[in-house]
Structure formats: C-alpha cells, structure tokens
Amino acid sequence: QVQLVESGGGLVQAGSSLRLRCAASGPTFTNYSMGWFRQAPGKEREFVAAIPWSGDTTYYVDSVKGRFYISRDNAKNTVTLRMTNLKPEDTAVYYCAADLAYGRTWSPVPQIEYDYWGQGTQVTVSS
C-alpha cells in the first residue's frame, strides 16, 4: 500500500511559479512510476506530467511543455512538479498518482494505469 500526500499549492498571480511536492509512504518507491494530473472546475481530470520508475525520461501534456518540470528524489520518496510562468488556465486541483510499473512497459497518460492517488492540492492562478 502506498499513500501519497501533495503539498505546495496556493493562490498566485499569472506569470508566477509554484513547486508542488508529492510525498510517498512505503519502502518501494523506486518501483513506482509517478504522474501528476489536474482537474479544473467543470472539467474532467487530465494528465499533466509523468516520470517513470527509472527516472530516465519525462512526459508532459503539450499545454505545459517548457513551463512545468517533473522530477523525483528516490532517497526522499518524493516527486516534484515545478511550475513556471503559470497561467489562469492552469487553475485546478493537482493530483499525484503512483503506478507499480517496475520492469514493464508503461503508458504514462491513461489514469487507469495508476494504482494510488493523493487527495490533491489546489492551485489558483489569477490574471
């Protein structure tokens, strides 16, 4: 069982930066591929970014490429989403998710791939 706790959300102005952090419990964090998703008011939850258990690549939705950066620290059992040049359309609840994907082919985008989810953290960007 993995528990995920997000932090770092808040209210910021457009053009600002935020750093979201997801802390994972459990001894096998290195076996999990990690993703960030978001859900804006009135919209379905969507993929934002992901990093595999190997940490050797990253994935992003087109709308955040060049502005958001995902990384992981296996020693601290954390995954971070650094968000820069925030826009009002980035306003959403951001969720961290974990997929036990060690050693197998992995698709980072489908939500059904992920086994565990955090409770979410609110990010609000004012214009």
Side-chain angles (χ1 to χ4, degrees):
Q1 186 79 9
V2 173
Q3 291 187 328
L4 304 173
V5 179
E6 303 97 334
S7 62
L11 171 63
V12 297
Q13 291 186 331
S16 300
S17 299
L18 275 177
R19 191 183 303 263
L20 303 184
R21 182 175 177 268
C22 175
S25 65
T28 57
F29 180 71
T30 52
N31 290 349
Y32 287 84
S33 296
M34 303 297 295
W36 284 96
F37 292 76
R38 67 186 179 186
Q39 187 168 20
K43 296 186 177 181
E44 293 188 353
R45 189 164 57 186
E46 66 170 354
F47 169 79
V48 176
I51 186 167
W53 59 269
S54 60
D56 59 355
T57 190
T58 54
Y59 304 87
Y60 301 95
V61 67
D62 286 347
S63 60
V64 308
K65 284 181 180 177
R67 299 189 299 121
F68 290 15
Y69 305 92
I70 188 171
S71 60
R72 65 187 297 155
D73 186 336
N74 289 338
K76 296 181 178 180
N77 281 17
T78 59
V79 62
T80 298
L81 184 67
R82 183 166 63 92
M83 306 186 295
T84 66
N85 190 22
L86 282 160
K87 303 176 180 181
E89 51 263 43
D90 295 318
T91 294
V93 178
Y94 284 71
Y95 298 91
C96 174
D99 179 15
L100 182 57
Y102 178 78
R104 64 171 174 83
T105 302
W106 174 60
S107 297
V109 175
Q111 298 181 43
I112 197 171
E113 289 279 331
Y114 293 83
D115 305 297
Y116 303 99
W117 293 81
Q119 293 299 307
T121 185
Q122 176 70 47
V123 172
T124 303
V125 184
S126 64
S127 58

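The analysis underlying the following values was restricted to heavy atoms, covering all of them including side chains, and did not include hydrogens, waters or symmetry mates.
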(message) For a quick test of reading the model, state the closest non-hydrogen atom pair linking Tyr114 to Pro108 and the distance between them.
(response) OH-O, 2.5 Å

(request) Report the hydrophobic cluster partners of Trp53, with the cluster defined as I, L, V, M, F, W, Y residues connected by side-chain heavy atoms closer than 4.5 angstrom, directly or transitively. (result) Tyr102

(message) Please find the pair of heavy atoms, one from Gln119 and one from Tyr95, that lie closest to each other, and give the distance.
(response) O-CE2, 3.4 Å

(request) Determine whether Trp106 and Leu100 make a side-chain contact, defined as any pair of heavy atoms from C-beta on separated by less than 4.5 Å. (result) no

(request) Would you please indicate yes or no on a ring centroid separation below 6.0 angstrom for Phe37 and Trp117? (result) yes

(message) Just verifying a value: how many Å separate Thr121 OG1 and Leu81 CG, rounded to the nearest 0.5 Å?
(response) 11.0 Å

(message) If you compare all heavy atoms of Ile70 against all heavy atoms of Val79, which two are closest, and at what distance to 0.1 Å?
(response) CG1-CG2, 3.8 Å

(request) Evaluate the criterion side chain to side chain contact (heavy atoms under 4.5 Å, CB included) for residue pair Phe68 and Trp36; output intermediate values, then yes/no. (result) CA-CA 11 Å; Phe68 290 15; Trp36 284 96; over 6 Å; no

(message) To check you understand the geometry: which heavy-atom pair defines the closest contact between Val125 and Lys87, and what is its length?
(response) CB-O, 3.3 Å

(request) Please confirm whether the backbone N or O of Val2 pairs with a side-chain atom of Ser25, one donor and one acceptor, at under 3.5 Å? (result) no

(message) I need the full list of disulfide bond (SG atoms under 2.5 Å apart) pairs touching residues 3-118, with sequence neighbours left out, sorted by first then second residue.
(response) Cys22-Cys96

(message) Closer than 4.0 angstrom, basic N to acidic O: yes or no for Arg21 and Asp73?
(response) no

(message) Minimum heavy-atom separation for Ala14 and Ser127, please, with both atom names.
(response) CB-CA, 4.4 Å

(request) Please report the shortest heavy-atom distance between Asn85 and Ser17, naming the atom on each side. (result) N-OG, 4.2 Å

(message) When you measure from the side chain of Arg72 to the backbone of Pro52, do you find a donor-acceptor pair of N or O atoms at a distance under 3.5 Å?
(response) yes

(request) Find out whether Asp99 and Arg104 are in side-chain contact, i.e. whether some heavy atom of one side chain is under 4.5 Å from a heavy atom of the other. (result) yes

(request) Nearest 0.5 Å please: distance from the OH atom of Tyr60 over to the CZ atom of Arg67. (result) 12.0 Å

(request) Return each pair, listed once, that meets salt bridge (charged side-chain N to carboxylate O under 4.0 Å, His left out) where at least one residue sits in residues 25-43; pairs must be two or more places apart or across chains. (result) Arg38-Glu46, Arg38-Asp90

(message) According to a hydrophobic-cluster definition based on side-chain heavy atoms being under 4.5 Å apart (Ile, Leu, Val, Met, Phe, Trp, Tyr only), do Tyr94 and Val109 belong together?
(response) yes

(message) With a 4.5 Å cut-off on side-chain heavy-atom distances among I, L, V, M, F, W and Y, is there a chain of contacts connecting Leu11 to Val123?
(response) no

(message) Please check if the number of heavy atoms outside Gln122 that lie under 6.0 Å from its CD is greater than 12.
(response) yes

(message) Contact between Gln1 and Tyr116 at the side-chain level, heavy atoms closer than 4.5 Å - yes or no?
(response) yes

(message) Are Leu20 and Glu6 packed together at the side-chain level, in the sense that at least one heavy-atom pair is separated by less than 4.5 angstrom?
(response) no

(message) As a quick check of understanding, evaluate side chain to side chain contact (heavy atoms under 4.5 Å, CB included) for Tyr69 and Thr58, giving each step before the final call.
(response) CA-CA 8 Å; Tyr69 305 92; Thr58 54; over 6 Å; no

(message) Let me confirm one number: the CG-OH distance from Asn77 to Tyr32, rounded to the nearest 0.5 Å.
(response) 11.0 Å

